[in-house]
S.K.: 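Please read through the structure below; I'll follow up with questions.
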Amino acid sequence: QVQLEESGGGLVQAGGSLRLSCTASGPIFNSYAMGWFRQAPGKEREFVAVLDFSGTATRYADDVKGRFTISRDNAKNTGYLQMNSLKPVDTAVYYCAAGTRLLTGVSDFGAWGPGTQVIVSS
């Protein structure tokens, strides 16, 4: 099973930007769809974005469309989530995940990273 690790989280002011990275090891990364989810304190884990194995098809949650961009570099076994125009409501632990299809449910993904904290101050 693929192993995932996120990086790039931190503290940023509202309106700022962060780029999260997800580094994969193990089975061939480019055979998996890659997803990003987030979980705020006291809330359930929610879908943010997903990208197919080839990097050509994407889906986004409505509240991040136009602000976040998901991408991947299969040659580097790395995925990315570029987050612009950040808002305090984007504060959460962000997780990358690997799945087999371009789906949006938590149960659709079988491998998860440990998460990286993003805090957006007002």
Side-chain angles (χ1 to χ4, degrees):
Q1 184 171 341
V2 64
Q3 290 84 44
L4 305 170
E5 184 169 4
E6 305 89 345
S7 61
L11 174 64
V12 63
Q13 289 188 331
S17 298
L18 281 175
R19 188 176 80 155
L20 305 183
S21 298
C22 175
T23 302
S25 60
I28 300 173
F29 178 63
N30 61 9
S31 64
Y32 292 90
M34 181 189 71
W36 286 94
F37 290 75
R38 65 187 180 187
Q39 188 166 16
K43 295 188 176 182
E44 295 186 351
R45 193 169 299 188
E46 65 176 10
F47 167 74
V48 174
V50 63
L51 179 67
D52 75 340
F53 68 96
S54 67
T56 57
T58 60
R59 298 177 70 178
Y60 292 93
D62 287 342
D63 57 351
V64 306
K65 282 181 182 177
R67 300 190 297 124
F68 291 11
T69 302
I70 189 172
S71 63
R72 66 194 296 164
D73 185 340
N74 288 337
K76 296 182 178 179
N77 277 4
T78 302
Y80 305 97
L81 184 68
Q82 177 67 43
M83 306 186 295
N84 299 328
S85 302
L86 282 161
K87 306 174 182 179
V89 295
D90 294 318
T91 295
V93 177
Y94 283 72
Y95 300 88
C96 68
T100 57
R101 299 172 65 186
L102 199 71
L103 299 174
T104 64
V106 171
S107 61
D108 297 319
F109 292 80
W112 294 83
T116 186
Q117 177 73 58
V118 171
I119 300 174
V120 184
S121 63
S122 58

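Residue numbers run from 1 in the order of the sequence given.
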S.K.: So Tyr80 and Leu51, do their side chains get closer than 4.5 Å, heavy atoms only?
M.R.: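 Leu51 vs Tyr80: side chains apart.
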
S.K.: Looking at every non-hydrogen atom in both residues, tell me the closest pair between Ser121 and Leu11 and how far apart they are.
M.R.: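 Ser121 and Leu11 have their closest heavy atoms at CB-CD1, 4.3 Å.
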
S.K.: Kindly write out the residues that satisfy side chain to side chain donor-acceptor pair (under 3.5 Å) with Lys65, not counting sequence neighbours, or none if the list is empty.
M.R.: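 Partners of Lys65 under the side chain to side chain donor-acceptor pair (under 3.5 Å) test: Asp62.
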
S.K.: Would Phe53 and Thr100 count as a side-chain contact (heavy atoms from CB on, under 4.5 Å) if you check the C-alpha gap in whole Å, the side-chain angles of each, and the deciding distance to 0.1 Å?
M.R.: CA-CA 8 Å; Phe53 68 96; Thr100 57; over 6 Å; no

S.K.: Can you run down the disulfide (SG to SG under 2.5 Å) pairs that involve residues 29-67, sequence neighbours left out, and say none if there aren't any?
M.R.: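 Checked against disulfide (SG to SG under 2.5 Å) - neighbours excluded - no pair reaches residues 29-67.
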
S.K.: Grab the two heavy atoms, one from Trp36 and one from Ser21, that are nearest each other, plus how far apart they are.
M.R.: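 Scanning both residues, the minimum pair turns out to be CH2-O, 3.7 Å.
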
S.K.: Out of curiosity, does Tyr60 fall in the hydrophobic cluster containing Val50 (side-chain heavy atoms, cut-off under 4.5 Å, transitive links)?
M.R.: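 Hydrophobic grouping puts Val50 apart from Tyr60.
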
S.K.: Under the 3.5 angstrom rule, does the side chain of Asp52 hit a backbone N or O of Leu102 as a donor-acceptor pair?
M.R.: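 Side chain of Asp52 to backbone of Leu102, a donor-acceptor pair under 3.5 Å: no, none is there.
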
S.K.: So which heavy atom on Ala24 is nearest to which on Val2, and how close?
M.R.: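 Minimum heavy-atom separation between Ala24 and Val2: CB-CG2, 3.8 Å.
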
S.K.: Tell me whether the count of non-hydrogen atoms from other residues, nucleotides or ligands lying under 6.0 Å of CD in Gln117 goes above 12.
M.R.: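 Counting neighbours around CD of Gln117, more than 12 heavy atoms of other residues, nucleotides or ligands fall under 6.0 Å, so yes.
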
S.K.: Got a sec, which residues hit ring pair (Phe, Tyr, Trp, His ring centres under 6.0 Å) with Phe109, two or more places apart in sequence or on another chain?
M.R.: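 Partners of Phe109 by the ring pair (Phe, Tyr, Trp, His ring centres under 6.0 Å) criterion, ordered by chain and then number, come out as Phe37.
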
S.K.: How many angstroms lie between atom CD1 of Ile70 and atom CZ of Arg59, to the nearest 0.5 angstrom?
M.R.: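 Answer rounded to 0.5 Å: 12.0 Å.
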
S.K.: I need the minimum non-hydrogen distance between Tyr95 and Pro114, along with the two atoms involved.
M.R.: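 For Tyr95 and Pro114, the tightest heavy-atom pair comes out as CE2-O, 3.4 Å.
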
S.K.: Could you give all pairs that pass the salt bridge (charged side-chain N to carboxylate O under 4.0 Å, His left out) test and reach residues 94-108, with sequence neighbours left out?
M.R.: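 Non-adjacent pairs meeting salt bridge (charged side-chain N to carboxylate O under 4.0 Å, His left out): zero.
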
S.K.: Cluster question for you: counting only ILVMFWY and a side-chain heavy-atom cut-off of under 4.5 Å, with indirect links fine, are Val106 and Phe47 together?
M.R.: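 In one cluster with Val106: Phe47, yes.
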
S.K.: Could you state the interatomic distance from OG1 (Thr78) to CG (Leu4), rounded to the nearest 0.5 Å?
M.R.: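 These two atoms lie 10.5 Å from each other.
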
S.K.: Roughly how far, to the nearest 0.5 Å, is CG of Asn84 from CG of Leu18?
M.R.: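 Output value for this atom pair is 9.5 Å.
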
S.K.: Say you draw a straight line from CZ of Phe68 to OG1 of Thr58; how long is it, rounded to the nearest 0.5 Å?
M.R.: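 Atom-to-atom, Phe68:CZ and Thr58:OG1 are 14.5 Å apart.
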
S.K.: Is the side chain of Glu6 donor-acceptor paired with the backbone N or O of Gly115 at a distance under 3.5 Å, no angle test?
M.R.: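 Yes, the answer is positive, given that a donor and an acceptor are paired below the 3.5 Å cut-off.
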
S.K.: I need the full list of salt bridge (charged side-chain N to carboxylate O under 4.0 Å, His left out) pairs touching residues 67-84, with sequence neighbours left out, sorted by first then second residue.
M.R.: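 Applying salt bridge (charged side-chain N to carboxylate O under 4.0 Å, His left out) to every pair that reaches into residues 67-84, excluding sequence neighbours, yields Arg67-Asp90.
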
S.K.: Can you measure from OG (Ser122) to CD (Gln13) and round to the nearest 0.5 angstrom?
M.R.: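 It comes to 9.5 Å.
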
S.K.: Nearest heavy-atom pair of Tyr94 and Met83: which atoms, and what distance?
M.R.: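 For Tyr94 versus Met83, the nearest heavy atoms are CE2-SD, 3.8 Å.
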
S.K.: CG/Leu81 to CE/Met34 distance, rounded to the nearest 0.5 angstrom?
M.R.: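 Those atoms lie 7.5 Å apart.
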
S.K.: The criterion is salt bridge (charged side-chain N to carboxylate O under 4.0 Å, His left out); which residues satisfy it with Asp63, sequence neighbours excluded?
M.R.: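 Only Arg38 meet the salt bridge (charged side-chain N to carboxylate O under 4.0 Å, His left out) criterion with Asp63.
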
